[in-house]
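Each remark here refers to the structure printed beneath this line.
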Amino acid sequence: MVLSLCLNGVSFIGTRQLDLGWSRDLSLFGFCQSKAGRKAINKSIALRIQAVAAKQDLNFKDPEWKKLYEEEFDERFNLPHLSDVLDVKPRPTTFALQSRHHLGEDNGVPFERRNDYVNNDDRTLLKVIKYSSPTSAGAECIDPGCSWVEQWVHRAGPRKEIFFDPEDVKAGIVTCGGLCPGLNDVIRQIVFTLEIYGVKKIVGIPFGYRGFFEEGLPEIPLSRQVVQNINLAGGSLLGVSRGGASVSDIVDSIQARRIDMLFVLGGNGTHAGANAIHNECRKRKMKVAVVCVPKTIDNDILLMDKTFGFDTAVEEAQRAINSAYIEAHSAYHGIGLVKLMGRSSGFITMHASLSSGQIDICLIPEVPFKLDGPYGVLRHLEHLILSKGSAVICVAEGAGQDLLEKLNATDASGNAVLGDIGVHIQQKIKKHFKDIGVHADVKYIDPTYMVRAVRANASDAILCTVLGQNAVHGAFAGFSGITTGICNTHYVYLPIPEVIATPRLIDPNSRMWHRCLTSTGQPDFC
Ligand SMILES: Nc1ncnc2c1ncn2[C@@H]1O[C@H](COP(=O)(O)OP(=O)(O)OP(=O)(O)O)[C@@H](O)[C@H]1O
Ligand SMILES: O=P(O)(O)OC[C@H]1O[C@](O)(CO)[C@@H](O)[C@@H]1O
Ligand SMILES: [Mg+2]
């Protein structure tokens, strides 16, 4: 399992699932630390490098360590293939990039297209920065010297050989978790691409994994005609849901329906489910390709530049921020407060704050803060009101949960139900200004579902198009238990476990978070 461990500005990457107390020990991020605290952290960094090295059997004194690391990395990112467990034979692809008769002839010689297909040995480089030292901003290091280590992942796209006869294929598509702009765009491209391969049986599974087992939820037949215009609306043509049946029941249902390819659109939880489905199919020696397309406005999937829907959500969030700004700016001592989605990651909040340019205080789950006290948010707010007359705060829903009473409840999928940090901050601001006898007019905006129910914007629509097509190419190429994404602007296939080992978080020592702080001008709140 991949693990990116961030310690006081330095990240060390482990290759297996390592129990290094990563989870949410935010004090490790090096914020709010005294000099003595920082010294202790530096010592713990040294100890932890040793721990990583020991657990990975890496001895950095061994001149071969880098080679060993790279070999292990290749192994981890190797894509599971149907031929690993089944006796399947390749056949020439039926996917034509253009029908030849449209291309015509040149001097009587039939036009030959070149470089049409992706070679199975093509790779894309995962990390492209060479850090000169572990103290470089946002450095991700494997060894104490922060050596350059190559990490290659598999390139996505159509292969020359395929492992299914399209005539026989029944393909299923399912969308799980919460809504996300672009779901319909991905469904549409999957259907288009399947049909180009020659697949005739394409069905949608209604309402997420639930559609596999709940009575009265019939499959939805899909074709180019059915999906032609679905991208013009937000939501999912198939419906979504949380919670679900046992993996074994889902695989029974896949077997009974004779599905050969399953395209699964969803976030972390959905991917965990898809991987379990893939493993169960393997165990039963079923020839089923399970391919995911990561869907989450939270952008919390590891290794990827971004997930589809994120851009649109950020754009939409700006409407709320702009309204909060106008309200705050037009009121006497106005304070605008906007809460945005982001259970464990503050990407939407950080990007919306950066892009709007109207935010004075940006609060995310990855960076702890205090509301009260001389260095707390409220004191800074007081300063903003008295110095410039108004202020706007943007807070992620998962931020500051340590300030709220734990609810000890979970949703149908087992995700923790969070306390409402927006309402809490609103109340605290009102009370604070009342207590100090300064007028303040607080306007709270919670656009939660509005940012994800819209249709995809232009850049997300393109991303969805590529991902949907690549998902189909991956299934025909015989891969299963994989997901598709964009890494360093190139499109790749990745084994599912590598992208869901942990939720992807903002590194508080990254350049991007520092840029956000530069933009808002906010201090550390602790
Ligand atoms: N570890 C797991 N194993 C099997 N299935 C899972 C697992 N975690 C979640 N699921 C199933 O995956 C589906 C979606 O999970 P979840 O509700 O957490 O959404 P998600 O995919 O993480 O998307 P979102 O980003 O909207 O939260 C649910 O039907 C849930 O039951
Ligand atoms: O209310 P729902 O549908 O469970 O979705 C809420 C969650 O979905 C997410 O947007 C992830 O898709 C989280 O940020 C948020 O907490
Ligand atoms: Mg989730």
Side-chain angles (χ1 to χ4, degrees), residues 174-183 186 205-214 217 234-236 238-251 253 262 264-281 290 292-302 304 306-310 312-314 316-317 339-352 364-365 395-399 401 407 409-422 446-454 481 483 496-497 499-506:
V174 64
T175 56
C176 313
L179 282 184
C180 181
L183 280 166
V186 178
I205 306 297
F207 300 108
Y209 288 138
R210 187 173 290 271
F212 277 114
F213 62 90
E214 199 150 302
L217 293 179
S236 165
L238 310 177
V240 291
S241 73
R242 297 194 188 275
S246 76
V247 168
S248 152
D249 289 350
I250 292 174
V251 177
S253 170
L262 181 64
V264 188
L265 282 54
N268 278 296
T270 305
H271 274 65
N275 201 47
I277 292 168
H278 153 75
N279 285 330
E280 182 63 22
C281 289
V290 182
C292 290
V293 182
K295 162 238 67 125
T296 161
I297 56 164
D298 292 354
N299 201 30
D300 59 354
I301 305 280
L302 291 172
M304 297 175 186
K306 64 175 179 180
T307 49
F308 77 81
F310 170 66
T312 309
V314 169
E316 206 56 27
K339 184 184 77 172
L340 296 173
M341 276 192 174
R343 233 197 286 266
S344 37
S345 316
F347 287 103
I348 299 179
T349 303
M350 177 175 79
H351 282 246
I364 58 171
V395 61
E397 64 174 331
Q401 289 297 306
L407 295 177
T410 54
D411 69 12
S413 294
N415 302 304
V417 174
L418 302 178
D420 196 329
I421 188 67
D446 179 354
T448 300
Y449 293 107
M450 293 173 74
V451 306
R452 70 176 203 189
V454 291
T483 191
I496 293 175
V499 302
I500 55 165
T502 62
R504 179 179 170 216
L505 302 178
I506 291 172

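We count ligands from 1, going down the list as the structure has it; atoms in each ligand are counted the same way.
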### Query
Do you know which two heavy atoms are closest between Ser345 and Asp298, and how far apart they sit?
CB-O, 4.2 Å

### Task
Could you pull out the closest heavy-atom pair between Val417 and Thr410, with the gap in Å?
CG2-C, 3.7 Å

## Note on the structure
min-distance protein heavy atom vs atom 16 (O) of ligand 2 -> Glu397 OE2, 2.6 Å

#### Entry: Nearest protein heavy atom with distance in Å, relative to atom 27 (O) of ligand 1
Arg242 NH1, 3.0 Å

### atom 7 (C) of ligand 1 - nearest protein heavy atom and its distance
Gly269 O, 3.5 Å

### Message
Are any of the N/O atoms on Ile297, whether in the backbone or the side chain, positioned under 3.5 angstrom from an N/O atom of ligand 2?
### Response
no

### Task
Among all protein heavy atoms, pick the one closest to atom 21 (O) of ligand 1 and tell me residue, atom and distance.
Thr270 OG1, 2.4 Å

### Query
Does the N or O separation between Gly178 and ligand 1 drop below 3.5 Å for any pair?
yes

#### Entry: Nearest-0.5 Å distance that lies between atom CG in Asn299 and atom CZ in Phe308
12.0 Å

### Query
At what distance, to the nearest 0.5 angstrom, does CZ of Arg242 lie from OG of Ser413?
5.5 Å

#### Entry: Closest protein heavy atom to atom 17 (O) of ligand 1, given as residue, atom name and distance to 0.1 Å
Ser413 OG, 2.6 Å

### Query
Numbering the atoms of ligand 2 from 1, which are under 4.0 Å from a heavy atom of Gly342?
14 (O)

### Task
Before signing off on this row, confirm whether Tyr449 and ligand 2 have an N or O atom pair separated by under 3.5 Å.
yes

### Message
What's the separation between atom CG in Leu265 and atom OG in Ser236, rounded to the nearest 0.5 Å?
### Response
8.0 Å

### Task
Specify the protein heavy atom at minimum distance from atom 2 (C) of ligand 1: its residue, its atom name, and the distance to 0.1 Å.
Ala272 CB, 3.6 Å

#### Entry: Element-labelled atoms of ligand 1 that are located less than 4.0 Å from some non-hydrogen atom of Gly267
20 (P), 21 (O), 22 (O), 23 (O)

#### Entry: Thr483 to Val499 - nearest heavy-atom pair and separation
CG2-CG2, 3.9 Å

### Query
When you measure from the centre of the six-membered ring of Phe347, is the NZ or CZ of Arg504 under 6.0 Å away and within 45° of the axis?
yes

### Query
Is the closest heavy-atom distance from Asn415 to ligand 1 below 4.0 Å?
yes

### Query
Which heavy atom of Cys292 sits nearest a heavy atom of Ile496, and at what distance?
SG-CD1, 3.7 Å

### Query
Under a heavy-atom criterion of less than 4.0 Å, does Lys295 contact ligand 1?
yes

### Task
Could you tell me whether ligand 1 has any atom less than 4.0 Å away from a heavy atom of Arg210?
no

### Summary
Note: ligand 1 atoms sitting under 4.0 Å from heavy atoms of Arg343 are 27 (O)

### Task
Identify the heavy atoms of Ile348 and Ala313 that sit nearest to each other, and give their distance.
CD1-CB, 4.2 Å

### Task
Kindly determine whether Arg343 and Asp300 satisfy salt bridge (charged side-chain N to carboxylate O under 4.0 Å, His left out), including the steps that lead there.
CA-CA 9 Å; Arg343 233 197 286 266; Asp300 59 354; over 6 Å; no

### Message
Yes or no: does Gly243 have any heavy atom under 4.0 Å from an atom of ligand 1?
### Response
yes

### Task
Before signing off on this row, confirm whether Arg242 and ligand 2 have an N or O atom pair separated by under 3.5 Å.
yes

### Query
Any N/O of Thr296 closer than 3.5 Å to an N/O of ligand 2?
no

### Task
Can you see which heavy atom on Thr448 is nearest to which on Met341, and at what distance?
CG2-CE, 3.1 Å

## Note on the structure
the protein heavy atom lying closest to atom 10 (O) of ligand 2 turns out to be Met341 SD, 2.8 Å

### Task
Starting from the C-alpha separation in whole Å, work towards a yes-or-no answer on side-chain contact (heavy atoms from CB on, under 4.5 Å) for Phe207 and Leu238.
CA-CA 6 Å; Phe207 300 108; Leu238 310 177; over 6 Å; no

### Protein residue, atom and distance nearest to atom 11 (C) of ligand 2, heavy-atom basis
Asp298 OD2, 3.4 Å

### Task
Could you check atom 8 (O) of ligand 2 against the protein and tell me its nearest heavy-atom contact, residue, atom and distance included?
Arg452 NH1, 3.0 Å

### Task
Could you please spell out the steps behind the side-chain contact (heavy atoms from CB on, under 4.5 Å) verdict for Thr349 and Val395?
CA-CA 6 Å; Thr349 303; Val395 61; 5.8 Å; no

#### Entry: Identity and separation of the nearest protein heavy atom to atom 4 (C) of ligand 1
Gly273 CA, 3.3 Å

